[in-house]
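Only one structure is covered here, and it is reproduced in the block below.
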There are 2 protein chains.
Amino acid sequence: MRTKNPREPLSRERALATAVTLADAEGIPALTMRRLAAELGVEAMSLYHHLPGKEGLLDGLADTVVGEIDVAVGRAAVTGTGGDWRTGLRRRFLAAREVMLRHPWAPALLGSRPTIPTGVYAYYDGILATLLSAGFSHRLAHRALHAFGSLALGFTQEVFRPARAGGNTDVDGAAAELAAMAEALPHLTAMVAAEAHDPADPTLGWCDSQVEFEFTLDLLLDGLERARR
Amino acid sequence: MRTKNPREPLSRERALATAVTLADAEGIPALTMRRLAAELGVEAMSLYHHLPGKEGLLDGLADTVVGEIDVAVGRAAVTGTGGDWRTGLRRRFLAAREVMLRHPWAPALLGSRPTIPTGVYAYYDGILATLLSAGFSHRLAHRALHAFGSLALGFTQEVFRPARAGGNTDVDGAAAELAAMAEALPHLTAMVAAEAHDPADPTLGWCDSQVEFEFTLDLLLDGLERARR
DNA sequence: ACCTGAACACCGTTCAAGT
DNA sequence: ACCTGAACACCGTTCAAGT
């Protein structure tokens, strides 16, 4: 993990790159000023010459992710004109999603930053250009931006996820817990049972997020297409 | 603010109630174990007899909010049967939203908790019951739950919000910043100008969140109604 | 200009001791 | 049983000092 290299001097770019690597490997909680400095082979206080404190580091990290999205979107063909605005946005959002899948900590970071990373504005400006050139009014385009929300950045807010995603090895305890829940939650229990037992279904298992993401995305795109006409 | 009262002994309920009050008044960052203890007129370590540490405190806080949602939803009429599933869910989500507006810190807290508050499952089970009794398949109901996401709890993820919501008094600096942005963001600038200048429009101003919330909600409800048939 | 060591003011939490 | 004081192992950050 250690990326110490006395040759190249410390810089904002090098610090942020190492921060991304550290967050990927051990998560945001491991990203302390002292720890990051250690990874860079430097003292914690040296970071303050290149970054304006911890908050500035997190802002820089968010900006870096948005930059990665721009690169990914650039590789996908998203600048179709006129009628196929839906295809363009769909490709764009799915490209953004691939960046999020590489950096599982990024959704929570982007969602919790008190100030929006500046690159996000330019990103949404591009989406808006697509909508306007497809004939959307400013009113409807405005509402579309809000309706997309974080979908445009490739993620949905996971407010409903399995109880212990963080690796619960207490299988018996989990099973007992689930049994106790079943009585209190008859409909959810039935749904899980029904959804998990159809072997012909490519969305098999509990919550294939990619499929859900695309389902919601298409629901919104279709609804907006109808509102546009 | 101090709620010290030697008469009633410290308890989990009293600690959580004071935590909610403290978070409402000064935000989640002010909610430290030491500070909460001080508000309760007690030493920080006493809290550990009633709450399993800081994470447990935050979990308890999230549970408390979900409990408030249940109360608010109970007051609204949401148990319509058969055909008016849309009206029922709409009332329910808007009732939940009122709780969120009372506790501005709650969306971020619910979105960032590593483990889901237990009350959330029961809440979603109720939503699912509505969908199933309206004739939804398990498949479509499952997708509907994911499509709603945090909308069901009364909030959307604010990934696109004004630059300095936290009270920027540097008006000139903000204006200059905006002017510099305008050149780089032609479409967004035009949209803001268009959206802000229609005096007949009840969504006047930059981002009436309530209207946007309801627009997205109806977009999803209409799309699901179409998918259901 | 860039980096450092020591120190400061905070955290959450453990633990032995009180009552 | 409930609460406490002192201490521990961390934080982010300031500051004067080095080169």
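Chain A is the first sequence line, chain B the second, and so forth, proteins listed ahead of strands; every chain is numbered from 1.
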Validate the cation-pi geometry between B:R97 and B:F155: distance from NZ or CZ to the six-membered ring centre under 6.0 Å, angle to the ring axis within 45°.
no
Measuring centre to centre across the rings, with the benzene-like ring taken for any Trp, is A:H146 within less than 6.0 Å of A:H142?
yes
Tell me whether the OP1 or OP2 atom of C:dT4 has a side-chain N or O from A:S46 closer than 4.0 Å.
yes
Could you let me know what C:dC8 is paired to, Watson-Crick or G-U wobble, both distances under 3.5 Å, or none if it's on its own?
D:dG12
Per-nucleotide protein contact string for nucleotides 8-19 of chain C (B base, S sugar-phosphate only, - none; heavy atom under 4.0 Å)
---BBBB-----
Is there a side-chain contact (heavy atoms from CB on, under 4.5 Å) between B:L31 and B:L61 once you walk through the steps?
CA-CA 11 Å; B:L31 187 65; B:L61 210 60; 3.7 Å; yes
What is the distance, to the nearest angstrom, from the CZ atom on A:R12 to the C1' atom on C:dA1?
19 Å
Hey, would you say the A:F148 and A:F93 ring centroids sit under 6.0 Å apart?
yes
Please report, rounded to the nearest Å, how far the P atom of C:dC3 is from the CD atom of A:E43.
11 Å
May I ask you to verify whether the side chain of B:H49 and the base of D:dC2 hold a donor-acceptor pair under 3.5 Å?
no
Closer than 4.0 Å, any side-chain N/O of B:H50 to the OP1 or OP2 of D:dC2?
no
Does A:E98 come within less than 4.0 Å of A:R102, counting only side-chain N to carboxylate O?
no
Would B:H103 and B:E68 count as a side-chain hydrogen bond (donor to acceptor under 3.5 Å, both in side chains) if you check the C-alpha gap in whole Å, the side-chain angles of each, and the deciding distance to 0.1 Å?
CA-CA 10 Å; B:H103 306 302; B:E68 275 190 48; 2.9 Å; yes
